Amino acid sequence: MSSRRSRSRQSGASRITDDQIIDLVSKLQQLIPELRGRRSDKVSASKVLQETCNYIRSLHREVDGLSDRLSQLLASTDTDSDQAAIIRSLLM
């Protein structure tokens with residue numbers, strides 16, 4: 001038997017239903033600020049997924065920016081100061 005057939009039989013037991021997909025897309029929509037206020041029947045699943053990807057990318061950029069700012073702050077702070085201790089405690 002081909003590997004494709006064996007994989008399809010194995011995944012058949014864990015198939016997700018259309019109703020489950022609709023429910024998951026609706027839940028995902030509620031997590032995305034750009035889509036949160038919209039009616040779920042007015043937003044396509046592809047739009048929800050596209051906006052989710054955009055939102056995750058923006059979060060990555062924000063984390064990178066905050067990480068850079070934190071690195072600069074740590075570099076300009078005396079390592080034995082109270083301020084440096086606070087920063088280190090936040091990182092742990």
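Note that the structure is predicted; figures quoted are calculated from it, not measured.
- Applying the 6.0 Å contact sphere to CZ of Arg36 captures more than 12 heavy atoms from other residues, nucleotides or ligands.
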- Query: Checking side-chain contact (heavy atoms from CB on, under 4.5 Å) for the pair Arg69/Leu66: CA distance, chi angles, key distance, verdict?
  - Reply: CA-CA 5 Å; Arg69 286 178 52 200; Leu66 291 171; 3.8 Å; yes

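- In terms of heavy-atom proximity, Ala84 sits nearest to Asp78 at CB-O, 3.3 Å.
- Linking Ile, Leu, Val, Met, Phe, Trp and Tyr residues whenever their side-chain heavy atoms come within less than 4.5 Å places Leu59 and Leu49 in a single cluster.
- The environment of Gln20 atom CD is dense: over 12 non-hydrogen atoms of other residues, nucleotides or ligands sit within 6.0 angstrom.
- At distances below 3.5 Å, not a single donor-acceptor pair connects side-chain atoms of Glu34 with backbone N or O atoms of Val48.
- Counting heavy atoms from C-beta on, the side chains of His60 and Val63 never come closer than 4.5 Å.
- A donor-acceptor pair is defined here as one N or O able to donate and one able to accept, closer than 3.5 Å; such a pair exists between the side chain of Ser76 and the backbone of Gln72.
- To the nearest 0.5 angstrom, Lys27 atom NZ is 13.0 Å from Ile22 atom CD1.
- Other residues, nucleotides and ligands contribute only 12 or fewer heavy atoms inside 6.0 Å of the CG atom of Asp82.
- Residues Thr17 and Ile21 fail the side-chain proximity criterion, which asks for heavy atoms closer than 4.5 Å.
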- Task: May I have the step-by-step check of side-chain contact (heavy atoms from CB on, under 4.5 Å) for Leu24 and Ile16, ending in yes or no?
- Result: CA-CA 10 Å; Leu24 291 170; Ile16 188 165; 3.5 Å; yes

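- Counted within 6.0 Å of CG on Asp64, heavy atoms from surrounding residues, nucleotides or ligands total more than 12; the atom is thus considered enclosed.
- We find the OG-CD distance between Ser67 and Glu62 to be 12.5 Å, quoted to the nearest 0.5 Å.
- How far CD of Glu51 is from CD1 of Ile56: 11.5 Å, rounded to the nearest 0.5 Å.
- The main-chain N or O of Leu73 is found under 3.5 Å from a side-chain atom of Thr77 such that the two form a donor-acceptor pair.
- To the nearest 0.5 Å, the span separating CG on Leu31 from OG1 on Thr52 amounts to 8.0 Å.
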